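Everything quoted here is computed from the prediction, not taken from an experiment. Starting from 1, each residue takes its place in the sequence as its number.
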Amino acid sequence: MPVNLPIAEKDQPLKRDLDLLAALLSDTIREQAGAATAEQIEAIRQLAFRYVQGHEPDAGKALARSLSVLDMPTTMALVRAFSYFSHLSNIAEDLHHNRRRRAHKIAGSKPQRGSIAAVIDDLLERNVKPSEMLALLADTLIAPVMTAHPTEVKRKTILNCHNALAALLTERDRSQMTPEEVRDNQEAMERVMLTLWQTREVRTVKLTVQDEIENGSTFFRNTFLHEIPRLYQDLEDKFSDMTGEAIQLPNFIQVGSWIGGDRDGNPNVTADVMRYAVSRQAGVALDHYYQQCLKLEGELSMSTRLVAVDQDLSILAESAVDDKARKLGEPYRQAVSAIASRIFATALEIGTFHHELHDVARAAAYQNVGELSADLATIERSLKAHGAVKLANGRLRRLQRAVSVFGFFLAPVDMRQNSAIHEKMIAELFQQAGLEEYSKLNEQSRRTVLLRELSSPRPLICPYDVTYSPEVQQELDILVAAAELQARYGEAVLPNYIISNCESVSDMLEVAVLLNDVGLVSLAPQVRSKVNIIPLFETTPDLRDSGKIMGELFALPQWRLLLNCRSQVQEVMLGYSDSNKEGGYLTSNWELYKAELNLVEVFTAAGVTLRLFHGRGGTVGRGGGPAYDAILAQPAGSVNGQIRITEQGEVITAKYADREVGRRNLEILVAATLDASFQPLIEQTDDVLARRVLMERLSSRAYQFYRDLVYATPDFITYFLEATPITEIPNLNIGSRPAARRNTTSIGDLRAIPWVFSWSQCRLMLPGWYGFGTAVAEYLDETGEEGLALLRELYKTWPFLQVTISNMEMVLAKSDIAIAERYSELVQDQAIAKRIFGRIKAEWQRSVDAVLVITEHDQLLGDNPMLARSLDNRLPYLDPLNHLQVELLKRIRSGDDSEELRHAVHLTINGVSAGLRNSG
């Protein structure tokens with residue numbers, strides 16, 4: 001299945017890899033499914049190419065007819081073939097991006113945009129001194145936070161095969177190979193391709209939280225534990241070169257996790273699950289340290305006949321518990337062996353390793369990570385003392401940084417729960433303690449009684465003779481477990497508690513009171529705050545009230561005392577998903593921007609450092625899009641070296657499964673944070689106020705138009721349920737959380753992830769654009785050329801509008817109104833389908849027209865040839881999957897509910913998701 005599309009000279013290596021992978025897949029299909037099936041698939045592929053390229057006006061209808069008459073075995077083979085090519089395209093494209101970046105560096109060209117080197121060069125040109133950059137980094141926190149939110153449909157087994165193919169392609173790309181080596185490489189790829197073809201693609205059972213924990217740890221093993229130390233090392237060396245001094249940077253990059261701590265809507269996250277999450281993470285960290293020590297032991301073979309070691313090193317070497325005779329005269333090997341033994345003993349004590357070695361079992365476990373760091377520092381000092389600085393700056397230096405960053409817990413786990421649960425807990429605790437009827441108190445009265453309890457050393461939780469409801473008891477057990485885990489691993493293991501749907505000051509105080517009862521927060525007898533309590537503002541009303549709520553919170557002396565324990569840093573999380581589902585794309589983005597402006601003002605007035613936590617998803621409808629541009633589009637003053645961002649679903653795999661791609665994405669976060677933190681504050685000029693008035697106007701109209709369709713059209717929910725695969729997605733076993741908060745058909749109760757995922761599957765991407773076209777069209781009707789000139793000027797000069805429209809352009813390019821119309825055929829009442837789809841289609845065209853007229857592009861993605869090329873490569877395989885999905889859904893909904901048919905639908909969902917990449 002060679003790729004037939006024209007391709008630029010610089011992208012010929014990509015075409016070569018795509019052709020190779022496609023040929024391997026084609027040969028595997030011919031071998032496994034037979035020549036007739038392979039030829040039929042090839043004929044449909046050629047028809048799909050003609051359809052996508054527009055060479056034949058009736059190719060779409062011919063393609064649909066060809067797909068509708070396939071028998072089930074051929075259908076399954078076709079679905080699998082086209083799905084796999086989407087996956088293989090992703091592998092080849094990631095490799096090509098790595099290849100292009102390497103070529104750029106080898107050529108000594110100017111650093112690429114988005115790199116740390118480019119940002120530092122730019123800052124130096126703007127007269128920002130290295131000392132100012134270092135001062136910023138001293139108080140910086142940059143944290144990508146992995147969540148278990150489900151849109152990753154690939155199994156870990158499949159991902160392992162993808163990684164194997166990527167490694168084999170890289171081997172061909174970076175080394176001159178003999179004919180025998182080329183043959184061996186080819187045969188290895190054939191074996192992986194055969195394994196893929198004979199392995200089921202989707203899960204047969206629902207993921208558990210434990211599964212999600214294991215999957216999440218893979219990215220630490222593959223990427224973070226290796227690349228974060230290297231990134232620090234490169235940065236330190238760069239700053240050392242600039243300043244002429246040895247620079248040691250603080251730990252400002254920290255990968256976080258929600259997996260095992262996020263209970264919002266997931267009853268499967270219990271106290272034992274959270275303990276398991278922390279224990280398994282600790283095992284990953286300690287295993288990495290142990291394996292690195294084994295390698296260090298092989299490298300540090302210096303003999304006392306040739307070098308003189310210091311006394312501390314000698315003492316450390318003497319403490320080794322293994323057979324020192326075979327390492328006689330090699331004190332570094334003995335010292336590293338002593339460290340490895342203690343690491344293993346620590347793992348045994350924590351319970352993360354489940355076997356023992358005789359010598360290791362006799363070693364003393366490390367009581368804290370500081371002891372391990374001190375032992376590694378002993379080796380470093382001794383090496384440097386006898387001129388072995390180069391050895392100290394190799395694996396040892398990276399191991400020291402890894403230990404410093406990841407500790408004994410690997411990644412801080414955030415706890416999260418909905419404010420309604422906290423209210424229920426407080427009400428029940430008050431009732432059992434014979435206190436006020438909490439649910440009937442107004443906001444001011446709630447604050448009063450909560451502050452009273454927060455200041456009281458008397459426990460609110462009754463340890464004896466009281467039985468709480470199962471839900472409340474489960475929550476209390478989790479809080480007790482949090483206190484235990486902090487005592488065992490340190491405060492950094494569970495540093496944050498996020499309150500979903502935070503709507504008031506009392507929502508914040510409720511959590512403080514609950515944490516007070518387990519000793520993590522207190523005002524008496526001493527002030528203590530071991531957990532950062534974080535509000536999550538999600539809906540449009542909550543975003544609008546966020547500044548007011550935080551201002552009232554800061555006005556409480558008790559809260560200021562708690563903030564003093566945390567260096568006057570208060571984190572606020574902003575949710576992109578629910579605000580989009582509630583108000584549409586344009587309004588969501590604008591309300592988030594305004595909320596940030598308001599928060600910056602409130603925090604500045606209060607003298608509190610703001611750290612924003614952006615709850616972004618993969619798709620544009622949930623805040624997705626290029627991270628660098630997104631960070632630079634934030635209001636001036638909202639970054640200042642403090643930013644956390646969620647990484648969700650298939651985006652985690654896309655960004656961090658490949659080590660080199662992962663390094664690039666980590667570097668982008670650092671570079672963008674540096675760049676954004678030195679952006680000058682924008683004065684409140686007439687021009688600034690005018691553009692905000694314009695955005696308010698566009699947002700208001702887009703909001704009305706979106707709400708009129710989604711919430712005010714009686715039959716819209718029917719259209720959504722029948723014209724998308726929403727009812728089939730929950731059975732895909734892609735996550736441990738339910739798809740809806742309650743068992744209803746309400747849009748409001750549906751989670752944002754399946755909402756946007758379903759619209760992606762039917763190629764409408766409605767959450768990423770609906771309402772924009774009408775808002776712009778009506779504005780231009782009233783303002784004419786003057787209004788158009790203003791919009792074009794703002795698009796060129798205002799990062800917020802530029803990113804908003806650029807992301808929308810990407811979404812519209814991935815949509816296909818003709819395919820979406822086929823999905824409308826699934827609606828039983830075709831009168832409803834035609835009426836609602838007609839409205840959607842008209843708005844889609846208005847939105848496309850609006851984007852093109854503002855950007856002055858001749859076609860969508862006119863300034864993004866790389867993405868346009870990517871879509872060209874995969875659409876011939878993606879579009880038939882959509883057509884097949886429609887046919888399969890028709891069969892299911894007409895009564896054929898066989899397991900084979902449902903499996904085929906799930907395969908199409910898998911394939912479409914892979915082809916779109918950021919679909920959830």
Side-chain angles (χ1 to χ4, degrees), residues 145 147 149 256-258 260-267 269 274 412-429 438-439 443 446-447 450-451 453-454 460 471-472 474-476 478-479 482 494-518 520-521 529-554 556 558-559 562-563 566 569-579 592 595 599 602-603 608 610-615 644 646 737 741 751-752:
V145 180
T147 78
H149 290 178
S257 176
W258 278 12
D262 179 14
R263 316 190 299 283
D264 183 17
N266 193 347
V269 178
M274 190 164 73
V413 177
D414 288 356
M415 295 174 282
R416 184 172 78 129
Q417 185 54 282
N418 194 284
S419 61
I421 302 297
H422 303 139
E423 180 180 343
K424 181 177 180 179
M425 293 175 70
I426 292 291
E428 190 167 324
L429 291 174
Y438 185 77
S439 60
E443 171 64 16
R446 289 186 177 192
R447 295 183 192 181
L450 290 169
L451 288 171
E453 294 302 317
L454 187 57
L460 183 59
E471 183 179 22
V472 169
Q474 178 170 311
E475 292 294 317
L476 294 176
I478 287 171
L479 297 177
L494 291 164
N496 301 311
Y497 196 113
I498 299 164
I499 306 168
S500 299
N501 195 34
C502 186
E503 297 176 331
S504 64
V505 170
S506 64
D507 286 342
M508 298 284 285
L509 295 177
E510 286 167 1
V511 172
V513 169
L514 294 170
L515 294 174
N516 174 60
D517 259 39
V518 294
L520 295 178
V521 168
S529 179
K530 295 184 177 181
V531 175
N532 183 23
I533 302 173
I534 303 168
L536 168 51
F537 301 114
E538 302 175 85
T539 65
T540 300
D542 292 347
L543 290 171
R544 290 172 178 171
D545 287 342
S546 59
K548 174 176 175 290
I549 292 170
M550 297 311 297
E552 293 175 355
L553 188 66
F554 294 154
L556 299 177
Q558 298 92 332
W559 196 266
L562 295 177
L563 278 180
R566 310 196 67 79
V569 176
Q570 173 68 61
E571 188 167 305
V572 173
M573 185 172 184
L574 301 177
Y576 288 67
S577 304
D578 285 331
S579 58
L592 285 158
L599 288 168
V602 169
F603 275 64
V608 178
L610 169 65
R611 179 188 300 135
L612 285 175
F613 185 7
H614 299 269
R644 295 212 300 154
T646 55
R737 292 203 316 172
R741 292 181 173 89
R751 293 194 182 282

Is there a side-chain contact between [X] and [Y], using heavy atoms and a 4.5 Å cut-off?
{"X": "Pro535", "Y": "Met550", "result": "yes"}
{"X": "Asn532", "Y": "Arg611", "result": "yes"}
{"X": "Leu476", "Y": "Leu429", "result": "yes"}
{"X": "Asp517", "Y": "Leu479", "result": "no"}
{"X": "Trp559", "Y": "Leu509", "result": "yes"}
{"X": "Met425", "Y": "Glu510", "result": "no"}
{"X": "Val531", "Y": "Val511", "result": "no"}

How long is the gap from [atom1] on [X] to [atom2] on [Y], to the nearest 0.5 Å?
{"X": "Leu612", "Y": "Gln570", "atom1": "CG", "atom2": "CD", "answer": "11.0 Å"}
{"X": "Met508", "Y": "Leu553", "atom1": "CE", "atom2": "CG", "answer": "5.0 Å"}
{"X": "Asn496", "Y": "Arg416", "atom1": "CG", "atom2": "CZ", "answer": "13.0 Å"}
{"X": "Asp264", "Y": "Ser419", "atom1": "CG", "atom2": "OG", "answer": "9.0 Å"}
{"X": "Ile478", "Y": "Gln417", "atom1": "CD1", "atom2": "CD", "answer": "7.5 Å"}
{"X": "Leu563", "Y": "Ser529", "atom1": "CG", "atom2": "OG", "answer": "7.5 Å"}

Could I get the full list of salt bridge (charged side-chain N to carboxylate O under 4.0 Å, His left out) partners for [X], not counting sequence neighbours?
{"X": "Arg447", "answer": "Glu443, Glu552"}
{"X": "Lys424", "answer": "Glu471"}
{"X": "Arg566", "answer": "none"}
{"X": "Asp414", "answer": "Arg644"}

What are the two closest heavy atoms between [X] and [Y], and how far apart are they?
{"X": "Ser546", "Y": "Phe537", "answer": "CB-CD1, 3.4 Å"}
{"X": "Glu423", "Y": "Arg446", "answer": "OE2-NH2, 3.0 Å"}
{"X": "Asp507", "Y": "Ile499", "answer": "O-CD1, 3.4 Å"}

For this session: Would you please classify the geometry between the Tyr497 ring and the His422 ring as parallel, tilted or perpendicular, with 30° and 60° separating the classes?
Result: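 Tilted.
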Problem set entry | Parallel, tilted or perpendicular: ring planes of Trp258 versus Phe613, cut at 30 and 60 degrees |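 Rings of Trp258 and Phe613: perpendicular, over 60°.
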Problem set entry | Any residue meeting side-chain contact (heavy atoms from CB on, under 4.5 Å) with Ala482, in chain and number order, not counting sequence neighbours |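 With sequence neighbours excluded, Ala482 shows a side-chain contact (heavy atoms from CB on, under 4.5 Å) to Met274, Met415, Leu494, Leu520, given in chain and number order.
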For this session: Kindly write out the residues that satisfy side-chain contact (heavy atoms from CB on, under 4.5 Å) with Pro495, not counting sequence neighbours, or none if the list is empty.
Result: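 With sequence neighbours excluded, Pro495 shows a side-chain contact (heavy atoms from CB on, under 4.5 Å) to Pro412, given in chain and number order.
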For this session: Look only at the side chain of Gln474 and the backbone of Pro267, and say whether a donor-acceptor pair between them is shorter than 3.5 Å.
Result: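 Such a contact is found between Gln474 side chain and Pro267 backbone.
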Exercise. Ignoring hydrogens and geometry, is there a side-chain-to-backbone donor-acceptor pair from Glu538 to Asn501 under 3.5 Å?
Worked result: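 Yes, because the side chain of Glu538 sits within donor-acceptor range (under 3.5 Å) of the backbone of Asn501.
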For this session: Evaluate the criterion side chain to side chain contact (heavy atoms under 4.5 Å, CB included) for residue pair Asp262 and Thr147; output intermediate values, then yes/no.
Result: CA-CA 8 Å; Asp262 179 14; Thr147 78; 5.8 Å; no
Problem set entry | Verdict with supporting geometry, Leu592 and His614, side chain to side chain contact (heavy atoms under 4.5 Å, CB included) | CA-CA 10 Å; Leu592 285 158; His614 299 269; over 6 Å; no
